[in-house]
Engineer: 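Here it is, the structure, as structure tokens.
What you see below is based on every heavy atom in this structure, not just the backbone, and it leaves out hydrogens, waters and symmetry mates.
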Amino acid sequence: MEEEMADIEAQNEKQPEVAAIFKKANSAIALKFEDVVYKIKFTKSGFCGKTTKTEEKIILKGVTGKVLPGEMLAMLGPSGSSKTTLLTALGGKLGGLLDGNITYNGKSFSNSMKRNMGFVTQDDVLYPHLTVAETLVFTALLRLENTFTKEEKIMHAESVITQLGLTKCKNSIIGGPFLRGLSGEGNPLYFGERSQVMDYFSSIGYAPAVPMNPADFLLDLANGVSSNSEVPGTVKQNLVSAYKSNLANKLKSEVHEIDDPSQDGLNDKQVSRWATTWWQEFSVLLIRGVKERKHDSFSGLKIGQVLVVAFLSGLLWWQSDVSHLQDQMGLLFFYSGFWGIFPLFQAIFTFPQERRMLEKERSSGMYRLSSYFMSRIVSDLPMELVLPTIFLTITYWMAGLKGSPGNFFLSLFVLLYSVLVAGGLGLAIGALVLNQRSATITGSVIMLSFLLAGGYYVTHVPAFISWVKYISFSQYTYKLLLGSQYKPGDTYTCDGARGVCLVGDYPAIKKVGLDDQVLGAVALGIMLVGYRLIAYLALMRIGVAKR
């Protein structure tokens, strides 16, 4: 994929010839919509949040229209007139209480139609650290069919940049999404040829008093503003009544008389479900993810945090030998606690932050969820594994733990193993909750419960609550870390009769146990896979229209 990024940069350096990308269409599409009605239900809350009443509100009120191949339909209306709601419905992205008939060449919305449509949301979601060119190139690489070569896909993206007049800013980063208002209810006031719109409104008694921009005049009418001497508030009502009397029935007749174009190239059997292969999606998403998140993953603040805690821990446990067994146990439990909390809260924000982007791209069929999920996990691995490795390398030798390479690498393996499990739990919580504040609270409660049941703070746990330790990855991590340093036959200096005691007989270690190390590793392995599976299943609901 390094060649692809080189191609992107090379394309950025030259100005492509303006391609007539809008002159040739792969297939013709006739869009018809008839009596489209959309409703929402909302509840009114009373005392203490108790639901007192459920009401229904009509957002779209029987809208009818058509768009033939080669035409462009413009919607004019004030804020809150449901323009976005109607467009979302026509784009096949609006579920729920949607009634009416919307067809594309006489057929309902399907996967093949989704692959041949582009939809720009009112509040679009873009990666802020990617440039304009990179954003369009990545989209082209993912959405265009494999009938195009990689170079042709990049050229299509460059052609779009030229057509939209974005050449001068194509190397500028996006920066952030634009925010717009919410939509409300609305009624159609006119549908017809652009050249006849002013004559139509003049014929029903609404003509500008002075020469003015037609678009401004129409928006004034849609907002209920007119120069006529009418009772305030009646302009919209009169316009809606005039539309129903003069245009509605005629428009419906025209919709029924349309002959749908042929279905060549648009049926589900001929158009593949996905534009690219799984591996292509994974590769592109991996590069995009690394490029977008490298600013955050390898930030100086995070690295500084880990280094400060590492040196502080090394100084606190400076050259603690086996004679101070309780101190060494405290360090090992600190490993399991700190490297349970840190990666969990790094991962817990992953999907809540990317929710809107995932909804946008999945709803348009840009890629498979599995390729996105795997690319997200792989792109985060360097940061997940590098920092704990540095941390352990510093504290291990400063604290004077066992100096043999075998003990060190076994401790490192256990720590990295635990980090991956904790990250999986964070992904699962974030995917299930999808709200940063709620996910943080949930993660805090779960992690605190796991730490309390980890076997260090409480050694005599009541039987009715002792089951918690079996689902605590902190307990298994602590057990494996103890096993990486001690064997049952190891000795330490004590106050006993001989002055030497067995490590395996130390009460706190005996309660956790140095046996069943394989069982602990298997339990962590089940959690490693299980947490990520839960996260994947939770993400399956994102980007799918509600029924």
Engineer: Are the side chain of Gln485 and the backbone N or O of Lys402 linked by a donor-acceptor pair below 3.5 Å?
Structural biologist: yes

Engineer: May I ask you to check whether Tyr470 and Gln475 show a side-chain donor-acceptor distance below 3.5 Å?
Structural biologist: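 No pair is found: no donor N or O on one side chain lies under 3.5 Å from an acceptor on the other.
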
Engineer: Taking the side chain from Ser472 and the backbone from Phe450, do they hold a donor-acceptor pair closer than 3.5 Å?
Structural biologist: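 Yes: the side chain of Ser472 pairs with the backbone of Phe450.
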
Engineer: Of all heavy-atom pairs between Pro388 and Leu416, which one has the smallest distance, and what is that distance?
Structural biologist: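 Where Pro388 meets Leu416 most closely, the heavy atoms are CG-CD2, 3.7 Å.
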
Engineer: To the nearest 0.5 angstrom, please state how far the CG atom of Leu434 sits from the CG atom of Leu539.
Structural biologist: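 If we round to the nearest 0.5 Å, Leu434:CG and Leu539:CG are 7.0 Å apart.
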
Engineer: Counting C-beta onward and ignoring hydrogens, is there a side-chain heavy-atom pair between Leu130 and Leu126 closer than 4.5 Å?
Structural biologist: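 When only atoms from C-beta onward are counted, Leu126 and Leu130 do not touch, as no gap falls below 4.5 Å.
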
Engineer: Measure across His156 and Leu144 and return the closest heavy-atom pair with its distance rounded to 0.1 Å.
Structural biologist: CB-CD1, 4.0 Å

Engineer: Look only at the side chain of Asp490 and the backbone of Lys487, and say whether a donor-acceptor pair between them is shorter than 3.5 Å.
Structural biologist: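 Yes; judged by distance alone, with no hydrogens or angles, the pair exists.
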
Engineer: Mark yes or no for whether Glu152, through its side chain, and Thr149, through its backbone, hold a donor-acceptor pair below 3.5 Å.
Structural biologist: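 The answer is yes, because a donor-acceptor pair under 3.5 Å joins these two groups.
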
Engineer: Leu141 and Thr276: which non-hydrogen atoms are nearest, and at how many Å?
Structural biologist: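 That would be O-CG2, 3.2 Å.
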
Engineer: Testing the 3.5 Å rule here: is there a donor-acceptor pair between the side chains of Gln280 and Thr277?
Structural biologist: yes

Engineer: Test your reading of the model: is there a side-chain donor-acceptor pair from Tyr417 to the backbone of Gly525, 3.5 Å cut-off?
Structural biologist: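 Between the backbone of Gly525 and the side chain of Tyr417 there is a qualifying donor-acceptor contact (under 3.5 Å).
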
Engineer: So, Ser418 and Trp339: side-chain donor and acceptor under 3.5 Å apart, yes or no?
Structural biologist: no

Engineer: Should we say atom CZ of Arg437 is surrounded by more than 12 heavy atoms from elsewhere, each under 6.0 Å from it?
Structural biologist: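 No - once you tally the heavy atoms of other residues, nucleotides and ligands closer than 6.0 Å, there are 12 at most.
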
Engineer: Are side-chain heavy atoms of Val503 and Thr491 found at a separation under 4.5 Å?
Structural biologist: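 With C-beta onward as the side chain, the pair stays apart.
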
Engineer: For the residue pair Leu537 and Met540, establish whether any side-chain heavy-atom pair is separated by less than 4.5 Å.
Structural biologist: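 Yes; the side chains approach each other to less than 4.5 Å.
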
Engineer: Does a donor on one side chain sit under 3.5 Å from an acceptor on the other, for Glu281 and Tyr372?
Structural biologist: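 Looking only at side-chain atoms, Tyr372 and Glu281 do not form any donor-acceptor pair under 3.5 Å.
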
Engineer: To the closest 0.5 Å, what do you measure between CH2 (Trp279) and CG (Leu286)?
Structural biologist: 8.5 Å

Engineer: Please round to the nearest 0.5 Å and tell me the distance separating atom CG of Leu415 and atom OG1 of Thr477.
Structural biologist: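 Here the rounded value is 8.5 Å.
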
Engineer: Measuring from Met447:CE to Ile348:CD1, what's the distance to the nearest 0.5 Å?
Structural biologist: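 Result: 11.0 Å between the selected atoms.
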
Engineer: Please step through side-chain contact (heavy atoms from CB on, under 4.5 Å) for the pair Leu452 and Lys469, ending with a clear verdict.
Structural biologist: CA-CA 9 Å; Leu452 291 175; Lys469 68 180 181 181; over 6 Å; no

Engineer: Mind telling me whether Phe373 and Phe351 have parallel, tilted or perpendicular rings, with 30° and 60° as the class edges?
Structural biologist: parallel

Engineer: State whether Glu359 and Arg355 are salt-bridged, where the test is any N-O pair (Lys NZ or Arg NE/NH1/NH2 against Asp/Glu carboxylate O) under 4.0 Å.
Structural biologist: yes

Engineer: Quick check: does any side chain N or O of Asn435 sit under 3.5 Å from a backbone N or O of Ser438, one acting as donor and the other as acceptor?
Structural biologist: yes

Engineer: Answer whether the closest heavy-atom distance between the side chains of Ser313 and Phe391 falls below 4.5 Å.
Structural biologist: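 With C-beta onward as the side chain, the pair touches.
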
Engineer: I want to check something: taking the side chain as every heavy atom from C-beta on, are Phe119 and Thr88 in contact at a cut-off of under 4.5 Å?
Structural biologist: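 Yes, at least one pair of side-chain atoms sits under 4.5 Å.
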
Engineer: Does atom CH2 of Trp467 have more than 12 heavy-atom neighbours from other groups under 6.0 Å away?
Structural biologist: no

Engineer: Which residue in the set Arg368, Arg143, Arg288 passes salt bridge (Lys or Arg N to Asp or Glu O under 4.0 Å) when paired with Glu361?
Structural biologist: Arg288

Engineer: Run the ring-centre check on Phe345 versus Phe349 and record whether the distance is less than 6.0 Å.
Structural biologist: no

Engineer: Begin from the C-alpha positions of Ser363 and Lys93 and carry the test side-chain hydrogen bond (donor to acceptor under 3.5 Å, both in side chains) through to its verdict.
Structural biologist: CA-CA 7 Å; Ser363 63; Lys93 300 179 182 295; 3.2 Å; yes

Engineer: Decide yes or no for Phe342 and Val419: does some side-chain heavy atom of the first lie under 4.5 Å from some side-chain heavy atom of the second?
Structural biologist: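 When only atoms from C-beta onward are counted, Val419 and Phe342 do not touch, as no gap falls below 4.5 Å.
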
Engineer: What's the shortest heavy-atom distance between Pro343 and Ala422, and which atoms?
Structural biologist: CG-CB, 3.8 Å

Engineer: Between Tyr492 and Tyr506, is the ring centre distance below 6.0 Å?
Structural biologist: yes

Engineer: Whether Glu158 and Lys170 form a salt bridge (side-chain N of Lys/Arg under 4.0 Å from carboxylate O of Asp/Glu) is what I want to check.
Structural biologist: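 Salt bridge: yes.
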
Engineer: Does the pair Arg293 and Glu354 meet the rule for a salt bridge (charged side-chain N to carboxylate O under 4.0 Å, His left out), with working shown?
Structural biologist: CA-CA 11 Å; Arg293 291 188 295 277; Glu354 292 217 358; 3.3 Å; yes

Engineer: Using a 3.5 Å distance criterion without hydrogens, assess whether the side chain of Lys153 forms a donor-acceptor pair with backbone atoms of Val137.
Structural biologist: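 No: the side chain of Lys153 does not pair with the backbone of Val137.
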
Engineer: What I'd like to find out is whether the side chain of Trp397 reaches to under 4.5 Å of the side chain of Phe408, using heavy atoms alone.
Structural biologist: yes

Engineer: So Thr395 and Tyr335, do their side chains get closer than 4.5 Å, heavy atoms only?
Structural biologist: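 A side-chain contact exists here, since the closest heavy-atom pair is under 4.5 Å.
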
